[in-house]
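Sequence positions, counted from 1, serve as the residue numbers for this chain.
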Amino acid sequence: MKLIAFVFLCAALFAADSDLDSTCKPCEDFFKYANQKWIEANPIPGAFGRWSRFNKLAEDNRERLKTILDDVSARPGRKGSDQEKVGNLYASCMDTAAIEKLGLAPVKPYFERIAAVADKAALGKLLTDMFILGVQAPVGVGATPDLKNASQIIAGLDGGGLTLPDRDFYFREDDRSKKIRDEYQKHIVRMHVLLGDSEAQAQETAKTILAFETRLAAPRLTNVERRDPYKRYNKMDFASAAKLAPSFDLAYLFDSARVPKTVPVNVGEPKFWEAFEKELAGTALPVWKSYLRWRLIKAAAPSLPEAFEKEAFEFDGKVLQGLKEQLPRWQRCTQAADGLMGEALGQSFVARYFPPVARKRMDELVRNLRLTLRDELSNADWLSDETRKQAVAKLDKIQPKVGYPEKWRDYASVNIGRNTYIDNLRALRKFNLARQVDKIGKPVDKTEWMMTPPTVNAYYNSVWNEIVFPAGILQPPFFDASADDAFNYGGIGAVIGHEIGHGFDDQGSKFDAEGNLRNWWTDEDRKKFEARAACIVEQFNSFDVQPNARHIGKLVTGEALGDLGGLTLAYKAYKRSLNGKEAPVIDGLTGDQRFFIGFARIWAGHSRPEAERLQLQVDPHPVIKSRVNETLKNMPEFHQAFGCQAGQPMVRPEAQRCKLW
């Protein structure tokens, strides 16, 4: 996310001759037409799997955060202040000499505890203690909204403890997946050799760990199944939850995390807990010990000496994403500071880089997008009066948040020193767990943010029925308070429409105006909606992104619907903003053409093949080129703006065009 001095010139953004690829016609490949010159001028840096305008903004932002962190670490200010603490966190991360000197000392006590486990009761307690430490292997508890009573926070149990990115990585039989599993075992071997194990010992350990994690993965829901909130809603009392894995001391977990046993518990994946019970009761202690030792070193690697951190990168970065080099230390430490104390850091960021005029202009855009969707819902002839009424009520209750929280997070209860980085990470882990658990049994605090102010992103929260736009994304090329309306509506307008649209996508449409999981559609209207969603599934299932690599249509449905519905809304809101007047022609481009170029430009970027394949397997977002071209292929407004005709690549046959609004 970003946001700083607005020096990006609208004319430069749309200069037809210098910025657009004249070798490619807009009706042949609009993504290339709008973005190829940017791509050629911006090769993927070695430390990235993808390089895009999102990445560029995020990295520019990280440099701004570094300026703040360098300042507060050198001049920490008041003793005990949030600024001193975030400065200490950053300084301890940057102190690699201290990290090297400590060696494995911070994790040795836990290695000793693992080795000393003599029975399953001690094993169960150790699993809890490792979770409190920050190692989910494989149990955990936290706070979660009651999906059917969204005003309340209850306890949540979910499965974990897998190392590969997704449960299907353990089972796919294509060559790429087999290679990843083979490289994963080599990674385990190398890490254990660093710990002092012999090569032969490490080889056996790697086989044991992969087999064990494969058994843990088998009962997990797939990424597509997890998109169905009904599959993840299994509310019960504490006693019923404890019966799912009777060999595990659930009371000790709740007591250790200070979760009350009197509140309801949602078990996200009951079948996982039943499988966990079989492993706990039937798997030999040496297997569990090998697995826990692995999970501990894997979790701790980024905060250990360089040899461990580099080995983690060899697999996580090079193998999985095709990265060529690791991010510089200062960038990794800035990421850590933003991720762990982002609101302390965010206050300084907002004060320096987010002018009030930007918030005011953004509020106007959000208001116009909402009014436009209200008109669309009111006039949607495929909705019955009953469903339309519920949809409008939901839209009217969506709460927008722009820039930064009204109430900043308080870090007073956490102590962050300057000497030991891993101790600071553990302290913040305990702080954040305690902060989450403290919510259980209490009404929802809807002032809270799920992203930090400098983040280059946005989100819709279906349970709170809110749309959130951090300060970081509210700058060019997404947003410029002083720019042409076509630019802003094609950029941030499409983002606003996308997030509002999530309230009515394949997931969000299952939640009502109050954020409760409830079917508010008539049966007939729901079938019509499912047919519109099925069109998206078919479209994204139908083409190769790489040879023999396609999107999983049911995985990307929500994001692709968000793109199509959001851009449609943004276009109509843009036309509404003109109040019947003709937009000016700038650099030979009409307002409509600038609008669609503005949309395509926010997605300028390219990916390494490994990173793109990983995205296709685990990410609900389509790849960036598809977000542009596959969206625009469905839009007659785009076809008209550029004179695209039936039969051209950017025109989907009329009978196959997808439409939400």
Side-chain angles (χ1 to χ4, degrees), residues 92 95-96 98-141 160-163 187-213 216 247-253 255-257 276 279-312 415 417 419-431 433:
S92 68
D95 191 353
T96 54
I99 293 171
E100 292 292 330
K101 185 177 180 180
L102 277 172
L104 292 174
V107 294
K108 278 185 177 177
Y110 283 87
F111 282 146
E112 292 168 359
R113 280 199 60 188
I114 292 169
V117 168
D119 53 38
K120 293 298 177 70
L123 173 64
K125 286 184 168 52
L126 179 58
L127 289 173
T128 286
D129 293 346
M130 289 183 70
F131 163 72
I132 299 297
L133 182 70
V135 182
Q136 196 174 50
V139 298
V141 64
L162 303 181
T163 308
H187 170 51
I188 297 172
V189 170
R190 291 191 298 267
M191 196 73 91
H192 280 78
V193 169
L194 285 175
L195 289 173
D197 294 2
S198 70
E199 182 80 19
Q201 207 178 2
Q203 293 278 3
E204 287 304 310
T205 299
K207 293 176 185 176
T208 297
I209 289 167
L210 179 60
F212 184 79
E213 288 191 359
L216 284 181
S247 298
F248 179 68
D249 190 348
L250 193 65
Y252 181 75
L253 172 63
D255 290 343
S256 297
F276 167 61
E279 295 298 330
L280 196 59
T283 298
L285 282 177
V287 173
W288 272 103
K289 290 181 180 183
S290 292
Y291 166 72
L292 292 179
R293 189 169 178 244
W294 165 241
R295 292 295 294 163
L296 175 61
I297 197 64
K298 186 65 177 171
S303 54
L304 291 177
E306 184 181 26
F308 292 91
E309 192 180 25
K310 279 190 171 182
E311 176 50 44
N415 292 317
N419 297 323
T420 307
Y421 181 48
I422 197 167
D423 286 345
N424 287 337
L425 296 182
R426 290 172 178 173
L428 284 163
R429 158 69 182 171
K430 290 182 179 180
F431 166 78
L433 178 61

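Distance check, rounded to the nearest 0.5 Å: CD of E213 to OG1 of T163 gives 3.5 Å. Atoms OG and CD1, from S92 and I422 in turn, are 11.0 Å apart once rounded to the nearest 0.5 Å. Atoms CD1 and CG, from I188 and D197 in turn, are 12.0 Å apart once rounded to the nearest 0.5 Å.
Applying the side-chain contact (heavy atoms from CB on, under 4.5 Å) rule to A121 yields the partners D119; only residues at least two apart in sequence or on another chain are considered. Residues meeting the side-chain contact (heavy atoms from CB on, under 4.5 Å) test with A211, sequence neighbours left out: R215. For K298, the salt bridge (Lys or Arg N to Asp or Glu O under 4.0 Å) test picks out D316, with sequence neighbours left out. In this view, S247 and E277 satisfy the side-chain hydrogen bond (donor to acceptor under 3.5 Å, both in side chains) rule, not counting sequence neighbours.
V193 has its side chain out of reach of Q201: every pair of non-hydrogen atoms, C-beta onward, lies at least 4.5 Å apart. Side-chain contact between L133 and L296: present, with at least one pair of heavy atoms (C-beta onward) separated by less than 4.5 Å. Contact check for L127 versus L280: side-chain heavy atoms found under the 4.5 Å cut-off. Using a 4.5 Å heavy-atom cutoff, the side chains of F131 and V141 are in contact.
For CG of D255, the number of neighbouring non-hydrogen atoms (other residues, nucleotides, ligands) closer than 6.0 Å is greater than 12. Atom NZ of K120 has more than 12 neighbouring heavy atoms from other residues, nucleotides or ligands inside a 6.0 Å radius.
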Give the table of side-chain donor-acceptor pairs shorter than 3.5 Å for residues 106-117, with sequence neighbours excluded, one pair per line with atom names and distance.
from, atom 1, to, atom 2, distance (Å)
R113, NH1, D129, OD2, 2.7
R113, NH2, D129, OD2, 2.9

For residues 299-307, please give each side-chain donor-acceptor pair under 3.5 Å, one per line with the distance, not counting sequence neighbours.
from, atom 1, to, atom 2, distance (Å)
S303, OG, A300, O, 2.9
E306, OE2, K310, NZ, 3.4

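With hydrogens and angles ignored, the 3.5 Å screen pairs no side-chain donor or acceptor of R426 with any backbone N or O of I132. Remark: the backbone N or O of H192 is not paired with any side-chain donor or acceptor of W294 at under 3.5 angstrom.
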Check: Can L253 and F248 be said to form a side chain to side chain contact (heavy atoms under 4.5 Å, CB included), step by step?
Finding: CA-CA 9 Å; L253 172 63; F248 179 68; 4.0 Å; yes
Next item on the list: Take V139 and M130, measure what side chain to side chain contact (heavy atoms under 4.5 Å, CB included) needs, and give me the verdict at the end.
Entry: CA-CA 9 Å; V139 298; M130 289 183 70; over 6 Å; no
Next item on the list: Start with the C-alpha distance between L292 and L123, add both sets of side-chain angles, then the distance that settles side chain to side chain contact (heavy atoms under 4.5 Å, CB included), and finish with yes or no.
Entry: CA-CA 10 Å; L292 292 179; L123 173 64; 3.6 Å; yes
Next item on the list: Show the numbers, then the answer: is there a side chain to side chain contact (heavy atoms under 4.5 Å, CB included) between R293 and L195?
Entry: CA-CA 10 Å; R293 189 169 178 244; L195 289 173; 3.8 Å; yes
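Applying side chain to side chain contact (heavy atoms under 4.5 Å, CB included) to V189 and the options K207, E204, E199 leaves one that passes, E199. Shown are L216, T205, T283; of these, the side chain to side chain contact (heavy atoms under 4.5 Å, CB included) with Y291 is made only by L216.
Residues S290 and I209 share a closest heavy-atom pair of O-CD1, 3.8 Å.
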